[in-house]
A.B. asks: 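Here it is, the structure in full.
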Amino acid sequence: MLSIVASWALALVAVNAIPSPVDLRASRVERDLVRRDSRPTSYPANNFTQLIDHFPQSSRYEPHTNGTFTQRYFFDSTYYKDGGPVFLYIGGETSGESRFSNLETGIIQILMQEFNGLGVILENRYYGESYPFETTTTDELAYLTNEQTIADNAYFAQRATFPNVTGNLTAPNTPWILYGGSLAGAETAFSIVEYGGSGEKILYGGIASSAVVHAVHAYPQWYDPIQKLGPQDCIGRINDIVDSYDALVEANNTAAIQQLKELFGLQDLESDLDFAYTIALPIGGPDNYPLGTWQELNWNKSVSDPQWWYFCGNVTDDNAPANVTAGDSLLANYTDGKTLPGLGAYAAYFQQVYLPLCESGRYGSTDPGCFGTQNESYWNDTTPSTSRSYTYSTCTELGAYQQGQPEGKPSLLSRSITTSFTQQWVCTPTYSDRAGNQSPGPASSVQLDTDRWTNLTHYNKYGDLNITGERLAFIDGSSDVWLDVCYHSTLTNTSANRVANPNSNATAASEVEAYLINGGGHHWDSYGILDVDAEPDFIMQAHLWEIKVVKKWLDAFTSDWYKQ
Ligand SMILES: *[C@@H]1O[C@H](CO)[C@@H](O)[C@H](O)[C@H]1NC(C)=O
Ligand SMILES: *[C@@H]1O[C@H](CO)[C@@H](O)[C@H](O)[C@H]1NC(C)=O
Ligand SMILES: *[C@@H]1O[C@H](CO)[C@@H](O)[C@H](O)[C@H]1NC(C)=O
Ligand SMILES: *[C@@H]1O[C@H](CO)[C@@H](O)[C@H](O)[C@H]1NC(C)=O
Ligand SMILES: *[C@@H]1O[C@H](CO)[C@@H](O)[C@H](O)[C@H]1NC(C)=O
Ligand SMILES: *[C@@H]1O[C@H](CO)[C@@H](O)[C@H](O)[C@H]1NC(C)=O
Ligand SMILES: *[C@@H]1O[C@H](CO)[C@@H](O)[C@H](O)[C@H]1NC(C)=O
Ligand SMILES: *[C@@H]1O[C@H](CO)[C@@H](O)[C@H](O)[C@H]1NC(C)=O
Ligand SMILES: *[C@@H]1O[C@H](CO)[C@@H](O)[C@H](O)[C@H]1NC(C)=O
Ligand SMILES: *[C@@H]1O[C@H](CO)[C@@H](O)[C@H](O)[C@H]1NC(C)=O
Ligand SMILES: *[C@@H]1O[C@H](CO)[C@@H](O)[C@H](O)[C@H]1NC(C)=O
Ligand SMILES: *[C@@H]1O[C@H](CO)[C@@H](O)[C@H](O)[C@H]1NC(C)=O
């Protein structure tokens, strides 16, 4: 309580001392006081009749269908006043319900309150309960593509109804402003490029947060912020352990590898690749991991998962008991007598925290929570699920497979893990029921990281890292593991490119609405605490900037904007 009072007071002082970018703060504080206790905490599902196939002319979707499916949406009209905008939260790769916090306390709440808007979450096709078919064979998944998903957004905005809200709030007569984070951020950006002011003029504007707009096969850069910004004693120890493991792999020292597996309690894992992948779980990787990593840290303590710090705390624990540190010498026979500080603690931590997640105790299996991957019938199970849908998109359009660093660069993941590891165990079975020319043949005999598997063009055609659009703002975090596939990527100096980009009408870099939150993680601006002024300064400033940008857009809105 004390700290809340203190930051509130500090924020009020700041208001007086420094003029805020927009003159909205006083009124916001007042409305906070009125509204705080009356926020909804749950939203009923509404049904929208959506087209399964928006592209009857495209050969990509043959055989075509005129079928429809029920797509769910959830809305909050508590701040809405006649003539207000609609803020569309893009659902992305999860259920609508798991996005509620964005209406309750997050960025949509902030924008709704500021602009008397209505907030709505549209559940992504093939997630939550918005599946077009009962099962998800690859033939049925064929309509799960980025272009179909963004077409849903435009089609919905033109036809949405909001029970109990008077008036017609459809686009383009009402300004619809999209917001999405991560994959949904990219979908926001692509929606605005395609259906915004410089496209079909349906969707008025959008904020793309940590939008992963760059599709790529291998994404070793996922580890770069952790490597650079994590505690270096912990990071250095893991780097040394990875180097030693990779040397054993290089030397085909199966006996030593087996000993190492035993130290982690993973002697059941027959595949060395599964072992390398599994011991990296506490650090994470783009595919999946069961507990919090660097990516799950957050400025907002109520949603932050501190597991990463526990992991590093264990690996660098000066008080680790002797029976734990004994593991540090396990590989001494193969490393000229050198010990590997932290190895014993790493393994003990893994045994304590990760092994119990595999309830069956069959660690090498694909049972829930277990660590095996080599089981085709698991991956080709067509029961609808988030992981099935996301995996399909990864294999066909997104890529970004985890991979160790090149030789000579410190790595947090064994270099034995390459893109083809993921593509073999995930993509091969996912495709294997697709008749005809996509039949992949034996995994070992095909060159997997080619466009036949993950056609990056479907995704990168909207501008890739050069992406721009009318009333399309980008906000990223400098310590986000996904930074290098986002607008502020360090992979390329794009500010010059954007101006020259033939897809852009921006004439100067100064017209590009973009913000990099210093020290920010993955779409950290999407979180809120019902009090912008009480937020940490770097988040508060990001939110004030977003409010300013949206205000500029809304001030310029005219009801016939789409005719211009
Ligand atoms: C939406 O559709 C589901 C499934 O058909 C149904 O159970 C539910 O009652 C519908 N909801 C509304 C608000 O119509
Ligand atoms: C969809 O409907 C249109 C118009 O009625 C028709 O021309 C077309 O053949 C139908 N497509 C399919 C796949 O049934
Ligand atoms: C609309 O209002 C009625 C009566 O107050 C209520 O029962 C119903 O749940 C409301 N519907 C929605 C979608 O909010
Ligand atoms: C809302 O307005 C649009 C455009 O004028 C119109 O096409 C649509 O039918 C209206 N929707 C409703 C539910 O009245
Ligand atoms: C650029 O502006 C022109 C003229 O307003 C318009 O026709 C064109 O579609 C715009 N292109 C893009 C990519 O924004
Ligand atoms: C690695 O060692 C195992 C067991 O000693 C042996 O069966 C296998 O052929 C070796 N592989 C290579 C690539 O040398
Ligand atoms: C070690 O990990 C456990 C389990 O997560 C955690 O409770 C403990 O605080 C960690 N120890 C240190 C020194 O960080
Ligand atoms: C170390 O010894 C303690 C106490 O006997 C025991 O609980 C723990 O499981 C042991 N840890 C390892 C890694 O052997
Ligand atoms: C290291 O080698 C020695 C001598 O061969 C052996 O006694 C010892 O058990 C080995 N240690 C480990 C951890 O393998
Ligand atoms: C799934 O994989 C198993 C094991 O390889 C295979 O027997 C089965 O035919 C596959 N099912 C489908 C639908 O591809
Ligand atoms: C990849 O997708 C693009 C555009 O979506 C298409 O033009 C191209 O033919 C595809 N490439 C392959 C190898 O299928
Ligand atoms: C971005 O634009 C520049 C300049 O037109 C071009 O050279 C570059 O290839 C583009 N990059 C991407 C990723 O499209």
Side-chain angles (χ1 to χ4, degrees), residues 233-234 237-283 290-291 307-364 369-374 403-404 406-407 411 413-425 442-448:
D233 49 355
C234 171
R237 286 180 171 197
I238 299 164
N239 290 153
D240 287 347
I241 291 166
V242 166
D243 283 349
S244 298
Y245 176 73
D246 286 354
L248 297 179
V249 172
E250 189 79 8
N252 191 28
N253 190 335
T254 49
I257 291 172
Q258 190 59 27
Q259 273 181 289
L260 199 54
K261 286 181 182 172
E262 282 163 19
L263 186 69
F264 280 79
L266 290 170
Q267 54 274 24
D268 280 10
L269 286 186
E270 274 171 37
S271 156
D272 292 351
L273 291 174
D274 280 356
F275 175 68
Y277 172 78
T278 300
I279 62 171
L281 291 178
I283 303 138
L291 300 175
Q307 197 65 43
W308 159 262
W309 301 117
Y310 298 150
F311 170 62
C312 267
N314 277 263
V315 170
T316 57
D317 184 4
D318 295 330
N319 301 315
N323 65 342
V324 167
T325 53
D328 297 358
S329 334
L330 180 82
L331 302 178
N333 279 358
Y334 315 109
T335 53
D336 298 330
K338 256 191 358 197
T339 61
L340 283 168
L343 175 59
Y346 186 169
Y349 172 85
F350 187 91
Q351 293 227 27
Q352 184 199 339
V353 176
Y354 280 81
L355 281 189
L357 300 174
C358 172
E359 277 179 36
S360 67
R362 302 182 335 121
Y363 301 121
C370 303
F371 311 107
T373 61
Q374 321 282 306
Q403 171 157 307
E407 206 63 53
S411 193
L413 174 70
S414 167
R415 296 168 188 86
S416 61
I417 303 289
T418 64
T419 57
S420 49
F421 169 64
T422 316
Q423 289 190 316
Q424 270 176 44
W425 58 257
S444 54
S445 69
V446 280
Q447 181 61 37
L448 288 168

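Atoms within a ligand are numbered from 1 in the order they appear, just like the ligands themselves. Everything numeric in this text was worked out from a predicted model, so none of it was measured.
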A.B. asks: Determine the interplanar angle of the Phe264 and Phe275 rings, folded into 0 to 90°, and report it as parallel if under 30°, tilted if 30 to 60°, perpendicular if over 60°.
C.D. replies: perpendicular
A.B. asks: Could you list which atoms of ligand 9 come closer than 4.0 Å to a heavy atom of Leu330?
C.D. replies: 13 (C)
A.B. asks: Judged by atom type as modelled, is there a donor-acceptor pair below 3.5 Å linking the side chain of Asp274 to the main-chain atoms of Thr373?
C.D. replies: yes
A.B. asks: Between ligand 6 and the protein, give all atom pairs where both partners are nitrogen or oxygen and the distance is under 3.5 Å, as lines of names plus distance to 0.1 Å.
C.D. replies:
unit_1	atom_1	unit_2	atom_2	d
ligand 6	2 (O)	Asn252	OD1	3.4
ligand 6	2 (O)	Asn252	ND2	2.4
ligand 6	11 (N)	Asn252	ND2	2.7
ligand 6	14 (O)	Asn252	ND2	3.0

A.B. asks: Counting from 1, what ligand 9 atoms have a heavy atom of Gln259 closer than 4.0 Å?
C.D. replies: 12 (C), 13 (C), 14 (O)
A.B. asks: How are the rings of Trp308 and Phe311 set to each other: parallel, tilted or perpendicular (split at 30° and 60°)?
C.D. replies: tilted
A.B. asks: Is there a donor-acceptor contact under 3.5 Å from the side chain of Asn239 to the main chain of Ser411?
C.D. replies: yes
A.B. asks: Do Ser416 and Leu273 come close enough that some side-chain heavy atom pair is under 4.5 Å?
C.D. replies: yes
A.B. asks: Verify the distance criterion only: is there a donor paired with an acceptor across the side chains of Tyr334 and Gln259 at less than 3.5 Å?
C.D. replies: yes
A.B. asks: Are side-chain heavy atoms of Asp272 and Lys261 found at a separation under 4.5 Å?
C.D. replies: yes
